[in-house]
There are 2 protein chains.
Amino acid sequence: MFQIFKAHLDKFITISEEEFVAISRFFEAKSVKKKENLLEEGQHCKSNYFVSKGLLRKFFINEKGVEQTTQFAIENWWMTDDFAYEHQLKTAFYIQTVEDTDLLHIRKDRQSRLLEEHPLMEKYFRCIYQRAYAATQMRIKFLYDFSREELYHHFCRSQPQFLQRVPQYLIASYLGITPEYLSEIRKRNVS
Amino acid sequence: MFQIFKAHLDKFITISEEEFVAISRFFEAKSVKKKENLLEEGQHCKSNYFVSKGLLRKFFINEKGVEQTTQFAIENWWMTDDFAYEHQLKTAFYIQTVEDTDLLHIRKDRQSRLLEEHPLMEKYFRCIYQRAYAATQMRIKFLYDFSREELYHHFCRSQPQFLQRVPQYLIASYLGITPEYLSEIRKRNVS
DNA sequence: CGGTCTCTTGACGGAGTTCAAAGCTAGTGG
DNA sequence: CCACTAGCTTTGAACTCCGTCAAGAGACCG
């Protein structure tokens, strides 16, 4: 798992083998079976998760009791409830494995120390957050611009890797529509 | 304008007066009248804008010719089309002043040099992007969780400062509803 | 005061939800 | 390796939120 993380770091910063060893001590590795919760509503959000292999989703449960998926994370992406993580608050989200998943995670206090002791990691995380922020802003644009049906087609075009790996009812949940309506959209486009 | 920026930097990093002077050379100051465009669709997105005083909005024009506002920026917030800025692409957005506005801006190539020559600024921007990303994720949660009517009430509660400063049709545009429907919601809650 | 923005009102229509029920698929245990 | 079951997907009818269109009433600015 650490080699995958090293390869990812190398895309953003230049780092010696020794410094990487020192850095990796801040992280813990973990393997989790499909459909287990890493985080649950009401808990304090202690960790930031990096996916080496597998697939996570983040969701919350609305007042009707329906799960709303707001995000997926595949290989080389970070996931946490950033707001609760930053301020060390209780979260309103669940983070759940969609497949068997290998991940690294780091706790908030250790991430702070990591950044103090290895200022190079400031650059790494600046790049990561900048990229994530830009992607999220484009996502908001699409949410405003597209009808639910168009969102689905756009999702199929731009994220085809998920179609193989994620069941339909989770895609519906991510698009903010009911499984029934997604089924209707798909039918419309086959015929 | 630079004092306001200095006060903002001080919240995130500790910096000497001399280094601040060196850093401020990377920025340009600008004052812009109400309702002028800083960025227009199809242009290359060259600058990142910091609001010292005033109010900006970012919007795009959908296929029906309607302006969709995706973001406001008040004092001490940064605004640009982050995706186009990062990759130096043509933008699909407009950035427009809502009030007379004083701002600082920095060009992409200069921001890269700033970060190389003043690594402390990596930390500053890491904090800025982290906070912005966390806020945007909560916003996405609300977009999934709330009906348009609830979005309006939530907006009134959590961002009352805008109600004074922004005309109703722009609030409607930001909430993703028509001015007509916003008018109906407001009527419903007065009576 | 005259004209252009902005906000309100009401009738109608359509995208997407809700509810209920039936068909399908995949994992599990025997 | 088959049978059973729970979870996933599809169907259809009734309903609701919100958009569209058209028109009028204020409000602001030269």
Side-chain angles (χ1 to χ4, degrees), chain A residues 33-37 55 57 59-69 72 94 96-100 142-156 162-191, chain B residues 33-37 55 57 59-69 72 94 96-100 142-156 162-191:
Chain A
K33 287 257 169 251
K34 189 173 171 173
K35 286 220 172 187
E36 294 202 1
N37 289 337
L55 181 44
R57 72 180 180 114
F59 65 95
F60 65 94
I61 297 184
N62 69 19
E63 76 283 3
K64 287 175 192 152
V66 175
E67 293 182 3
Q68 288 283 356
T69 302
F72 292 115
Y94 296 76
Q96 192 177 81
T97 48
V98 177
E99 307 171 346
D100 295 353
F142 298 138
L143 286 172
Y144 277 81
D145 205 7
F146 294 154
S147 70
R148 300 317 175 104
E149 177 163 4
E150 287 167 334
L151 275 181
Y152 171 69
H153 295 308
H154 180 260
F155 179 81
C156 293
F162 288 106
L163 292 177
Q164 323 301 326
R165 295 171 70 173
V166 177
Q168 236 138 71
Y169 72 101
L170 288 186
I171 292 174
S173 169
Y174 176 74
L175 297 173
I177 61 179
T178 58
E180 292 94 328
Y181 189 56
L182 179 54
S183 181
E184 193 181 321
I185 290 170
R186 286 164 48 81
K187 181 176 148 199
R188 216 179 288 168
N189 280 269
V190 173
S191 54
Chain B
K33 288 259 169 250
K34 190 174 170 172
K35 287 219 171 188
E36 294 201 2
N37 289 338
L55 183 43
R57 72 179 179 115
F59 65 94
F60 66 93
I61 297 184
N62 69 19
E63 75 283 3
K64 286 174 192 153
V66 176
E67 293 182 3
Q68 288 283 358
T69 301
F72 291 115
Y94 295 76
Q96 191 177 80
T97 48
V98 176
E99 307 172 346
D100 295 353
F142 298 138
L143 286 173
Y144 277 80
D145 205 7
F146 295 154
S147 70
R148 301 316 174 105
E149 177 162 6
E150 287 167 333
L151 274 182
Y152 171 68
H153 295 308
H154 181 261
F155 179 80
C156 293
F162 289 107
L163 292 177
Q164 323 303 324
R165 294 170 72 174
V166 178
Q168 236 137 70
Y169 71 99
L170 287 185
I171 292 175
S173 169
Y174 176 73
L175 296 173
I177 61 180
T178 58
E180 292 95 325
Y181 189 57
L182 179 53
S183 182
E184 192 182 322
I185 290 170
R186 285 163 50 79
K187 180 177 149 202
R188 215 179 290 169
N189 280 269
V190 174
S191 55

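Every value quoted in this text rests on a predicted model; they were computed, and no experiment measured them. Just so it is clear, the values below take in all heavy atoms, side chains as well, and ignore hydrogens, waters and symmetry mates. Residue numbers start from 1 in every chain, and the chains themselves are labelled A, B, ... in the order their sequence lines are given, proteins ahead of strands.
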Can you check the [X] [atom1] to [N] [atom2] distance for me, whole Å?
{"X": "B/E149", "N": "D/dC18", "atom1": "CD", "atom2": "P", "value": "7 Å"}
{"X": "A/L151", "N": "C/dA15", "atom1": "CG", "atom2": "P", "value": "15 Å"}
{"X": "B/K187", "N": "D/dC18", "atom1": "NZ", "atom2": "P", "value": "16 Å"}
{"X": "A/L175", "N": "C/dG16", "atom1": "CG", "atom2": "P", "value": "11 Å"}
{"X": "B/I171", "N": "C/dT6", "atom1": "CD1", "atom2": "P", "value": "13 Å"}
{"X": "A/I185", "N": "C/dG14", "atom1": "CD1", "atom2": "P", "value": "18 Å"}
{"X": "A/Y144", "N": "D/dC18", "atom1": "OH", "atom2": "C1'", "value": "15 Å"}
{"X": "B/Y169", "N": "C/dT8", "atom1": "OH", "atom2": "C1'", "value": "16 Å"}

A/L170 vs A/F162, side chain to side chain contact (heavy atoms under 4.5 Å, CB included): CA-CA, chis, key distance, verdict: CA-CA 10 Å; A/L170 288 186; A/F162 288 106; over 6 Å; no
Closest nucleotide among [options] to the [X] side chain:
{"X": "B/E180", "options": "D/dT10, C/dC7, C/dT8", "value": "C/dT8"}
{"X": "A/P167", "options": "D/dT9, D/dT10, D/dT11", "value": "D/dT9"}
{"X": "B/Q168", "options": "C/dT8, C/dG16, D/dT9", "value": "C/dT8"}

Looking at every strand, decide which applies to B/I177 at a 4.0 Å heavy-atom threshold: base, sugar-phosphate, or nothing. sugar-phosphate
Which part of the nucleic acid does A/S147 contact within heavy-atom distance under 4.0 Å: base, sugar-phosphate only, or nothing?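 Here A/S147 touches the backbone only, sparing every base.
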With the side chain counted from C-beta on, respond yes when A/L151 and A/I177 share a heavy-atom pair under 4.5 Å apart, and no when they do not. no
In the structure I gave you, are the side-chain heavy atoms of A/E63 and B/D145 within less than 4.5 Å of one another anywhere? yes
Any chance the rings of A/F60 and B/Y144 have centres within less than 6.0 Å? no
If the cut-off is 4.0 Å, is [X] near the phosphate of [N], judged by side-chain N/O to OP1 or OP2?
{"X": "A/Y181", "N": "C/dT17", "answer": "no"}
{"X": "A/T178", "N": "C/dT17", "answer": "yes"}
{"X": "A/K64", "N": "C/dT18", "answer": "yes"}

With respect to A/F155, which candidate in A/F146, A/Y174, A/F142 satisfies the ring pair (Phe, Tyr, Trp, His ring centres under 6.0 Å) definition?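 The residue from A/F146, A/Y174, A/F142 that satisfies ring pair (Phe, Tyr, Trp, His ring centres under 6.0 Å) with A/F155 turns out to be A/Y174.
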Return the 5'-most residue of the pair B/K35, B/E184 with respect to DNA chain C, ranking by each residue's nearest nucleotide. B/K35
